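For reference, the structure discussed in these notes is given below.
Heavy atoms only: backbone and side chains are in, while hydrogens, waters and symmetry mates are out. Here the structure is a predicted model, which means the values were calculated and not measured. Here is the naming used below: chain letters follow the sequence lines, and residue numbers restart at 1 for every chain.
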Number of protein chains: 2
Amino acid sequence: MVSQQEYGSQEKHLLAVDCVIFGYERGELKLLLFKRQLEPEKGKWSLIGGWVEPNETVEQAAERVLLNITGLRRIFQDEVKVFSAPDRDPGGRVVSVAFYALIDIKSHDKELVKQYGAQWWPVTKLPELIFDHAQMANSSLQKLREKASFELVGADLLPPEFTITQLRQLYNSIFSREFDPGNFRKKILSLNAVVRLDEKDTLDSKKGAYYYTFKKADEIDVSVRIVNS
Amino acid sequence: MVSQQEYGSQEKHLLAVDCVIFGYERGELKLLLFKRQLEPEKGKWSLIGGWVEPNETVEQAAERVLLNITGLRRIFQDEVKVFSAPDRDPGGRVVSVAFYALIDIKSHDKELVKQYGAQWWPVTKLPELIFDHAQMANSSLQKLREKASFELVGADLLPPEFTITQLRQLYNSIFSREFDPGNFRKKILSLNAVVRLDEKDTLDSKKGAYYYTFKKADEIDVSVRIVNS
DNA sequence: TCAAAAGTGTTTTTTATACACCCATGC
DNA sequence: GCATGGGTGTATAAAAAACACTTTTGA
């Protein structure tokens, strides 16, 4: 039986996490990328990663990496997939669990990011990435689209106060398509997940658009479809 | 920087896969479970697992485990999630990647299964499972429901020839609800994914029901919703 | 005054759901 | 002849999509 072999006689593996960090800025969905600081492929662009420690879960490892980079706790993150091709890392056999994370670019620690030589890249114009990191980024975008189809993702990517148009533009950039302004607005408001404030944004339009905030998670209706097909 | 540490100085981990094997028999969705043959928790029920070898991917490890158990190649399988709580396995720190698989119970090697002391259990009446295997089973069922919502899953679970009613009963058991016979039939036929044969099944009904087969994957329309909410 | 985004309303199309009803046949 | 599942048709409801139109205001 496969699992009958003793634990002790088994080969062990280097285990890492890699984080696909999404942000949203000036109408574009972006990814935080790093200049790799160790061989192999030193100097090329990559996702940020970290080793999994013996006393932590892979989720905790990802949280730790995200905290180190952004200074933020309680970031939304979700597992994407395990990448385990034996030769995926020329430096040796490393099995990596990819996570994607959503952050509000404005709220993260820019100093930390700068220290690491990191940079935000629009998802539509990514540079060449090392190893299988491009696959990780692609799979993550797909996962994000799935999530955004079933629930409102703005809470993690937008500032606390936002206009419906900004939310729509975020969705435009996630799905690379143009949502109808009228229909999108109606759909969002029907979800009963946002609250209108009294202030208006007057930067993006002359008339001014009301700001909204997200309701707390426990006040929101569950599982309503947002985007179809 | 998190990933700046040398590869050599890192702790390694025992890495395993666990397989949640779904089958369908006599109107019930079932799981193949095993009497665990090594300590700890020897003799209790569990999923089947195996170690990940240094020269293979986690997907290949799962394929190997499935082949050993069922005698079948090219089984449908999909990654569910990594389970990595440091204390999840009392025998030591083992990180496990859960996979779920779909097989046609009739076509697998019953002798092999018997050798392992394995048994098919209806998903609605599972025994107590070791470690976090119940969580693995739950997450897998959720994943299966997701998949079955967006595409027809019958091809892997049903015999090559099946009636629409059998397909509906499979969906009933996956979603634990009753689909309307008329509407389900119309929906399935509208997908243009099955072909009617000339033979009829006369076991389940007096009038007899036409057998159908699935079209090849590349002949099927992409991404049509089957089940909502 | 007019371009441009905000916001509302209306119409059409599509899809889901509920359910009536005929068919074929073994008992 | 009638109960049973097979199979088709229809009527209603709900949702999505297309798009017209009105409001506001800075340039």
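B:Leu189 has its CG atom 10 Å from the C1' atom of D:dG7, to the nearest Å. Rounded to whole angstrom, the span from the CZ atom of A:Phe162 across to the P atom of C:dA6 amounts to 14 Å. A:Lys187 places its NZ atom 11 Å from the C1' atom of D:dA14, with the value rounded to the nearest Å. The distance from atom CZ of B:Phe184 to atom P of D:dG9 is 19 Å, rounded to the nearest whole Å.
Among the atoms of the strands shown, base atoms are found under 4.0 Å from some heavy atom of A:Gly182.
Checked against C:dA16, D:dC19, C:dA6, the side chain of A:Asn183 finds its nearest nucleotide in D:dC19. Distances from the side chain of B:Tyr210 to the nucleotides D:dG7, C:dA16, C:dA4 place D:dG7 closest. Of the candidate nucleotides D:dT4, C:dA3, D:dG6, D:dG6 has the atom nearest to the side chain of B:Thr165. For A:Lys186, the side-chain atoms get nearest to C:dG9 when compared with the rest of D:dG6, D:dC19, C:dG9. With D:dA16, D:dT8, C:dA4 as the candidates, the nucleotide lying closest to the side chain of B:Arg185 is D:dT8.
Dense packing is recorded around CD of B:Glu161, with more than 12 heavy atoms of other residues, nucleotides or ligands lying under 6.0 Å away. Other residues, nucleotides and ligands contribute over 12 non-hydrogen atoms within 6.0 Å of the CD atom of B:Glu199.
Contact check on B:Lys44 versus B:Glu128 returns no salt bridge, with no Lys/Arg side-chain nitrogen under 4.0 Å from an Asp/Glu carboxylate oxygen.
Take the nearest nucleotide of DNA chain C for A:Ser205 and for B:Asp180: the residue whose nucleotide is more 5' is A:Ser205. Toward the 5′ end of DNA chain C lies the nearest nucleotide of B:Lys207, the other residue of the pair B:Lys207 and B:Thr202 mapping further downstream.
Here the two rings, on B:Tyr171 and B:Phe184, have centers that are under 6.0 Å apart.
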